[in-house]
Amino acid sequence: TTIGGVRANHIARWNGSEWFPLGSGTNEPVLALAVHANELIAGGFFTSAGGGNANRIARWNGSSWLPLGGGMNDYVLALASYNGALYAGGAFTTAGGVSSRAISRWNGSGWSRLGSGISASRVPALAVHNEELFISHYSNGPSSIERWNGTVWGNSLGGMNGEVHSLHAFNGLLVAGGTFTQIGGILPANRIAAWNGSAWSALSGGVNSPVFALYSMDGELVVGGEFTVAGEAPADRIARWNGATWSAAGLGMDSTVRALSQFEGELVAAGSFSSAGGVASPYIAPFGPQYSTTVTIIGVEPSPSIAGEP
């Protein structure tokens, strides 16, 4: 509820030097963010945004919070803008009062199901790749990844023996990260793998514990999670993949990385850590040149509410 000494209920913006609240924020944690139609979309556990009703999803127009129809009946975990529509994934079964299990589409005025829908209890990850929307989902068992072209469902990419927490497009590939050790039914792949349009491939030994976040920057894939080894390289919860080999991203974190993004040319990591690169930086930190965190710290007051998958 505070960040950098500033009161901000579950969501805030950073201008490069200071944190600012977005109105009065939300009444419960935010788990997903996306930009759609020049507005910031937030999804999570909340039922109020800016003091008004907003069931698990809301939009910020730069000055105030507004609902997206009637919202969802349970939490939102993932958001993506695709083909002019907003897509939301999570643990809900209705969106705007319409039956729409775990994923739904907002066209600017109402929510709708995607075709015949999917049989899933949760959708934790969405990504746009090769003009299709890729969707990770599961229901009391291993994940599956489906594809949606805006009109109909395509072929599944093959089942996993664990969960997929993150999807990201990188260098013409779709990268999946999670808890799995096999993907496509047969391929050994330690918690991370890449799809080239026809087959899965492992990323040089993968990592030794779950992956929660993926992001690309400066021609490299940045991976965050609970791991301490990537390939054969020591890498404390954050690592880089250059397309051939793994390397550490600085000195890493003392606990889990759950989200990665970029701001003003710097990589920003968020999670449950209290230090990054050996520098005290509760829950969020920017990485400067050569992935150093020794110059700039984004100050955050410790809070029990950390955005990420429940």
Side-chain angles (χ1 to χ4, degrees), residues 1-14 19-36 39-81 86-98 100-104 106 111 120-126 136-138 163 165-166 212-213 255-261 268-274 282-284 298-310:
T1 56
T2 63
I3 187 166
V6 176
R7 184 171 180 80
N9 290 317
H10 307 293
I11 189 166
R13 60 187 177 90
W14 173 255
W19 286 102
F20 294 90
L22 275 70
S24 58
T26 63
N27 67 330
E28 294 291 343
V30 172
L31 303 180
L33 296 172
V35 174
H36 174 72
E39 294 182 316
L40 178 68
I41 313 298
F45 286 116
F46 57 86
T47 56
S48 174
N53 291 333
N55 291 315
R56 288 93 185 180
I57 192 165
R59 56 192 176 96
W60 172 257
N61 64 7
S63 59
S64 61
W65 287 102
L66 298 167
L68 277 77
M72 281 67 171
N73 69 335
D74 211 336
Y75 60 85
V76 171
L77 278 170
L79 296 166
S81 182
L86 174 71
Y87 290 78
F92 52 85
T93 56
T94 64
V98 176
S100 191
R101 190 176 180 89
I103 187 164
S104 192
W106 173 258
W111 291 99
S121 61
R122 263 198 309 188
V123 167
L126 301 171
S136 162
H137 69 88
Y138 53 88
E163 299 173 1
H165 292 301
S166 186
F212 291 108
S255 192
T256 305
V257 172
R258 288 191 173 269
L260 296 166
S261 191
V268 179
S272 55
F273 54 85
S274 59
Y283 304 140
I284 189 165
I298 301 178
V300 183
E301 291 290 329
S303 164
S305 298
I306 302 299
E309 188 176 355

For [X] against [Y], the heavy-atom pair lying closest together:
X    : Y    : value
S104 : A95  : OG-CB, 3.5 Å
S100 : I103 : OG-O, 2.7 Å
G89  : L126 : N-CD1, 4.0 Å
S24  : N9   : O-ND2, 3.1 Å
A58  : A49  : CB-CB, 3.8 Å

Taking side chain as C-beta onward, heavy atoms only, is [X] less than 4.5 Å from [Y]?
X   : Y    : result
N55 : M72  : no
L40 : R59  : no
L77 : R122 : yes
Y75 : P29  : no
I11 : W65  : yes

**Q.** N27 atom CG, neighbour heavy-atom count above 12 within 6.0 Å
**A.**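 For N27, atom CG is crowded (more than 12 foreign heavy atoms under 6.0 Å).
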
Would you compute the distance between atom [atom1] of [X] and atom [atom2] of [Y] and round it to the nearest 0.5 angstrom?
X    : Y    : atom1 : atom2 : answer
S121 : Y138 : OG    : OH    : 7.0 Å
H10  : F46  : NE2   : CZ    : 10.0 Å
E39  : L86  : CD    : CG    : 10.0 Å
L79  : L33  : CG    : CG    : 7.5 Å
R258 : L31  : CZ    : CG    : 10.0 Å

Q: Using atom types as modelled and distance alone, determine if a side-chain donor or acceptor of T94 lies under 3.5 Å from a backbone N or O of V98.
A: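 Side chain of T94 to backbone of V98, a donor-acceptor pair under 3.5 Å: no, none is there.
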
Q: For L68 and W111, run side chain to side chain contact (heavy atoms under 4.5 Å, CB included): C-alpha distance rounded to whole Å, both residues' side-chain angles, the deciding distance at 0.1 Å, then the answer.
A: CA-CA 9 Å; L68 277 77; W111 291 99; 3.9 Å; yes

Q. Judged by modelled atom types alone, do T93 and D74 share a side-chain donor-acceptor pair under 3.5 Å?
A.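 On atom types as modelled, these side chains do not qualify, holding no pair under 3.5 Å.
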
